[in-house]
Amino acid sequence: MYSGVKINPIPKSNTAMQIDVIIGFFKSLQMVIGTYDGWYSGCFFAEEDENPSKNIPKSLYTGAFVVILIYVVLNMAFFYVLPVSSLANSPLAASEVAKVVFGNNGAIIVTIIALFSIISILNAFMMIPARILFGMSRDGFFIKKGTIVNKGGTPIVALLVSASFTLFLICIGSFEVLFLLGTFMSVIVWGLAYCALIKLRISEPNLPRPHKSWGYPYTSILMIVFSIVLFLGFAYSDQKSFVVICIITTLSYPLFLLIKSNNKKESL
């Protein structure tokens, strides 16, 4: 019926597949960065440390090395118990490995371990935002009551504000959504921190610096570029988090200007 008629094959396009690979790559990278995020948390307690110039760098290097070592050993153990194909298709690799090692009760054991881990993580991440708001209040960028410290040395007002905002986020999103959102915002903070480092070096060249940034300014510029690439990649692969961050920024910036203006009026 179709003899003598040349039928051209339908051209194949790999564009969709390439887009899926890019999205999958940045999604995975977002999870990995979120897993390691927090290695720098000791910096937020520098003012409460008796010897921060020695203890903070030591905690950063030691903590990062220990975390990397733990994850490498765990991954080696997972690959020893199960093949890569099984782990790739599992929503929770640790649970699958535990089932093989401990039987049907493996998932329960992993859940218990995770709960105890979350308690320690929650303790640290409840203390950090309070100290950030405390510092902002002292510099006039947040409400003045944020500088109130109770008898135990805790910035109680800042803690209540940060805890209330955390509770709000918990009510509107799942663990995975908040995890991805937190990683997204961490990348933004990293980029701004590197920019602040360059700005501080220029504006305050004579400040005491027990530990200097290696390869400055090239390493700092490189990390700024890297942060921008991650930000764009996350914005493309996780558009929901990007929209949420835009909304939070849009709502918080006018509030920041209002608080700053009120603080100036009160100081006159």
Side-chain angles (χ1 to χ4, degrees), residues 11-41 63-64 67-68 70-72 74-76 78-79 82-97 110 114 117-118 121-122 124-125 128-129 132 162 165-198 219-253:
K12 296 181 180 180
S13 175
N14 294 325
T15 305
M17 185 177 69
Q18 292 174 354
I19 292 175
D20 289 341
V21 170
I22 293 173
I23 293 175
F25 171 76
F26 278 104
K27 279 285 187 182
S28 301
L29 190 59
Q30 202 169 354
M31 288 292 187
V32 172
I33 292 177
T35 302
Y36 282 93
D37 190 33
W39 61 272
Y40 52 84
S41 298
V67 171
I68 291 172
I70 290 174
Y71 279 116
V72 169
L74 280 176
N75 278 278
M76 291 174 62
F78 288 175
F79 290 136
L82 289 175
V84 177
S85 57
S86 298
L87 294 174
N89 296 323
S90 173
L92 184 59
S95 178
E96 297 297 327
V97 173
V110 170
S117 300
I118 289 174
I121 295 171
L122 181 63
F125 278 88
I128 291 171
I132 295 174
S162 60
F165 186 71
T166 302
L167 181 61
F168 170 74
L169 291 176
I170 292 174
C171 293
I172 64 173
S174 64
F175 174 80
E176 183 177 356
V177 171
L178 295 178
F179 188 85
L180 293 174
L181 180 62
T183 305
F184 206 140
M185 298 187 74
S186 293
V187 171
I188 298 174
V189 172
W190 294 350
L192 293 176
Y194 301 129
C195 293
L197 172 63
I198 296 176
T219 50
S220 300
I221 295 173
L222 178 63
M223 293 308 299
I224 291 173
V225 173
F226 182 65
S227 299
I228 293 174
V229 172
L230 284 179
F231 173 78
L232 295 176
F234 291 170
Y236 179 76
S237 62
D238 188 9
Q239 297 179 10
K240 290 183 179 179
S241 295
F242 177 68
V243 171
V244 172
I245 289 174
C246 289
I247 293 173
I248 293 175
T249 304
T250 303
L251 296 177
S252 62
Y253 189 68

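What's counted below: heavy atoms across the whole structure, side chains too, no hydrogens, waters or symmetry copies. Numbers here simply count residues along the sequence, with the first being 1.
Residues Ser227 and Tyr194 come closest through the heavy atom pair OG-CE1, 3.8 Å. Of all heavy-atom pairs spanning Ile224 and Gly191, the tightest one is CG1-O, 4.2 Å.
Each of Thr250, Leu251, Val244 was checked for a side chain to side chain contact (heavy atoms under 4.5 Å, CB included) with Ile247, and the lone residue meeting it is Leu251.
Ser220 contributes atom OG, which lies 4.5 Å from atom CG of Leu197 (distance to the nearest 0.5 angstrom). Here OG1 of Thr249 is found 6.5 Å from CE of Met185. Values are rounded to the nearest 0.5 Å. Here the CG atom belonging to Leu181 is positioned 12.0 Å from the CZ atom belonging to Phe234, to the nearest 0.5 angstrom. Between the OG atom of Ser162 and the CG atom of Leu167 there is a distance of 11.5 Å, given to the nearest 0.5 Å.
Ring geometry for Phe231 versus Phe184: interplanar angle over 60°, hence perpendicular rather than tilted (30 to 60°).
More than 12 heavy atoms of other shown residues, nucleotides or ligands fall within 6.0 angstrom of atom CZ in Phe78.
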